[in-house]
Amino acid sequence: DQLVNGLKSDYPGDEKVLRLSLSIKEVVHDHFAVLDLAKELLKRNTKDAGLWNSLGGAYYHLDSIEKARSSYEKAIALSPGSYAYLHNLGMVYSSLGDKQNAEKFYRDSLTINPCHSDAHKNLVSIKRYESLDDPDIRAIEDIWNRGGLDEHSTINLSFALGKVYDDCALYDEAFDTYKIGNDLKFKDSNSNMSIDLEKYYDHIDRVSTTFTLPPEKVVTELADTQPIFVLGMPRSGTTLVEQIISRHSSVTGCGELPGIERAIGNLEKFASVARVYPDDFPDISVEELTAQSREYISNTRAAHDLNTQYFTDKMPFNFVHIWLLKALFPNSPIVNCQRHPLDVILSNYFQIFGSDVSFVYNLEALSHYYVRYHKLMIHWRNLFGRQVTNIRYEDLVTDNENQIRILIEAIGLPWEESCLNREESMKTVRTASIWQVRQGIYTRSKERWRHYQQKLQPVISILCEHGILDSEHNHIIPA
């Protein structure tokens with residue numbers, strides 16, 4: 001950032017500097033900055049397919065799917081032979097629930113590049129297999145068995161084949177194949193130093209020792225639209241809960257927003273004296289908090305067409321920041337999604353994530369992360385009580401209507417029958433659980449971990465040691 005900012009100062013408005021900044025912001029997943037930079041560069045060159053693709057990527061990751069589609073379509077119109085752009089449009093149609101067009105664009109991508117592993121992985125994700133006797137599977141296995149794959153392709157195809165084997169109830173083969181990709185991802189994450197796990201765990205531990213009381217200084221300014229935070233472990237049901245809430249006429253579903261992490265970065269970076277999160281945050285002024293609250297709302301408006309009283313932010317990792325959420329938006333509802341720990345951990349292990357969350361690719365690291373989530377949520381419960389609503393995935397899929405009524409009441413919305421209507425919320429889903437959500441209340445993933453019980457023994461030992469599972473591997477839910 002310092003280098004680029006220096007270049008911007010020395011060469012204001014220089015296109016090469018702007019493009020360098022765009023590339024850096026894409027690498028660090030600063031999607032709001034990518035939006036601004038891509039738009040600025042497109043004013044100078046509307047026929048640059050790469051810029052339209054960058055704009056589409058930013059909109060896609062901010063869950064503004066229709067705007068992503070429009071941008072990707074412009075990129076393809078300018079460069080119709082790009083297998084990457086075709087694949088990206090396929091992902092948009094997946095998010096829109098249009099399986100036919102998603103499959104079309106994935107196959108168009110593979111026609112140009114038959115070895116495009118991202119397209120193979122995503123094509124497999126929208127189908128369910130009952131037999132290995134399928135031309136798509138044979139194509140993947142042929143590439144896999146030929147060998148000589150680069151690391152990226154090896155990872156993608158291992159997750160694709162793992163998913164296929166799991167579909168076909170070949171559980172040992174599924175786990176062993178997934179492990180190949182996970183081991184590579186974990187090694188790659190550590191070698192790139194994307195995140196130091198011990199420092200990250202220490203950071204989470206410091207949150208509870210720093211924030212021992214509710215915030216004294218809170219934002220009193222009330223915007224005309226307010227967030228509803230849906231959080232918890234990844235793969236715990238946050239997407240399903242968001243979809244239910246966003247069926248309400250007063251709510252717009254905005255997906256996983258990076259705004260809270262961005263606010264933390266701003267409060268650290270632009271302080272007059274050095275400031276570190278969480279250690280130095282209890283003394284932040286109301287004026288600073290208000291500025292970040294405004295920016296959070298403003299950035300959300302830039303990515304989404306907000307015309308409702310509420311919008312959802314279902315960034316799972318916001319569970320670490322509940323104290324800050326209460327300081328920035330003291331009246332906003334917070335929903336914590338709970339699910340059996342072994343199902344959560346297995347589901348994370350079987351998923352490639354777009355961000356640098358290296359702990360999900362190693363079962364021991366993932367287990368220790370879950371322990372910290374568990375302990376931190378107990379801390380928040382002691383601090384904020386019923387200001388945080390807990391909802392269990394298993395209850396939601398077995399006692400659907402009753403749990404939905406409890407959820408809507410808990411977050412303070414008047415009841416609407418539309419909250420029971422799955423079709424009301426099938427607009428966009430950009431998430432690993434996309435097709436489960438589109439199938440409605442998804443019960444097949446309940447107690448999925450039992451198929452992999454022997455493989456999960458190290459996880460079970462860690463969770464039992466910390467009082468999260470009992471001797472029968474039942475989830476011990478804090479009272």
Side-chain angles (χ1 to χ4, degrees), residues 27 53 57 81-91 94 102-195 345-366 432 435 448 451-452 454-456 458:
V27 169
N53 184 63
S82 170
Y83 65 84
Y85 301 167
L86 291 165
H87 164 261
N88 291 345
L89 188 55
M91 291 197 300
S94 285
E103 182 171 346
K104 174 192 179 300
F105 283 101
Y106 290 148
R107 294 196 185 282
D108 287 349
S109 175
L110 289 169
T111 297
I112 297 171
N113 181 2
C115 294
H116 185 35
S117 61
D118 295 272
H120 280 297
K121 173 175 65 71
N122 288 320
L123 179 60
V124 161
S125 74
I126 66 175
K127 301 173 69 175
R128 181 165 178 80
Y129 300 89
E130 296 182 354
S131 166
L132 298 181
D133 186 20
D134 182 282
D136 293 333
I137 299 173
R138 288 196 294 270
I140 295 173
E141 287 185 323
D142 180 59
I143 299 170
W144 181 262
N145 292 330
R146 266 187 270 154
L149 295 172
D150 60 32
E151 187 171 288
H152 179 78
S153 297
T154 301
I155 291 168
N156 277 335
L157 296 186
S158 73
F159 277 84
L161 287 174
K163 190 267 183 187
V164 168
Y165 297 151
D166 180 76
D167 283 351
C168 297
L170 300 169
Y171 299 120
D172 285 346
E173 291 88 340
F175 188 92
D176 292 344
T177 308
Y178 273 123
K179 188 176 186 301
I180 294 170
N182 274 292
D183 287 349
L184 285 172
K185 283 288 288 184
F186 189 67
K187 177 183 175 183
D188 184 55
S189 297
N190 288 333
S191 64
N192 289 338
M193 297 300 290
S194 59
I195 184 170
I345 287 171
L346 185 71
S347 188
N348 275 274
Y349 193 65
F350 284 1
Q351 179 62 43
I352 296 181
F353 289 83
S355 56
D356 298 325
V357 284
S358 62
F359 59 85
V360 300
Y361 304 115
N362 178 275
L363 286 176
E364 182 178 352
L366 187 50
W435 294 109
R448 182 188 184 194
H451 299 305
Y452 298 94
Q454 290 304 312
K455 303 284 188 179
L456 293 173

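All values below were derived from every heavy atom in this structure, side-chain atoms included, with hydrogens, water molecules and symmetry-related copies excluded.
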In terms of ring plane angle, is the pair Tyr452 and Phe175 parallel, tilted or perpendicular, where the classes change at 30° and 60°?
tilted

Smallest separation among heavy atoms of [X] and [Y], with atom names:
X      : Y      : result
Gly162 : Ala174 : O-CB, 3.5 Å
Ser358 : Phe186 : O-CD1, 3.3 Å
Phe350 : Arg448 : CD2-NH2, 3.5 Å
Val124 : Ala160 : CG1-O, 3.7 Å
Ile137 : Ser131 : CD1-O, 3.5 Å
Glu130 : Cys168 : C-SG, 3.8 Å

More than 12 heavy atoms of other residues, nucleotides or ligands under 6.0 Å from CD of Glu364: yes or no?
no

Check: Phe105 ring centroid to His87 ring centroid under 6.0 Å:
no

Is the gap between the ring centers of Tyr349 and Tyr361 under 6.0 Å?
no

Point-to-point distance, once rounded to the nearest 0.5 Å, from [atom1] of [X] to [atom2] of [Y]:
X      : Y      : atom1 : atom2 : result
Lys179 : Leu184 : NZ    : CG    : 10.0 Å
Ile155 : Ile180 : CD1   : CD1   : 11.5 Å
Asp108 : Leu89  : CG    : CG    : 9.5 Å

Close side-chain approach of His451 and Leu346, heavy atoms under 4.5 Å:
no

Are the side chains of Thr154 and Trp144 in touch, meaning some heavy atoms are under 4.5 Å apart?
yes

Test Asp136 against every option in Lys127, Arg128, Lys121 by the salt bridge (Lys or Arg N to Asp or Glu O under 4.0 Å) rule and name the one that passes.
Lys127

Per the salt bridge (Lys or Arg N to Asp or Glu O under 4.0 Å) rule, what does the pair list look like for residues 154-165, sequence neighbours excluded?
Lys163-Asp167

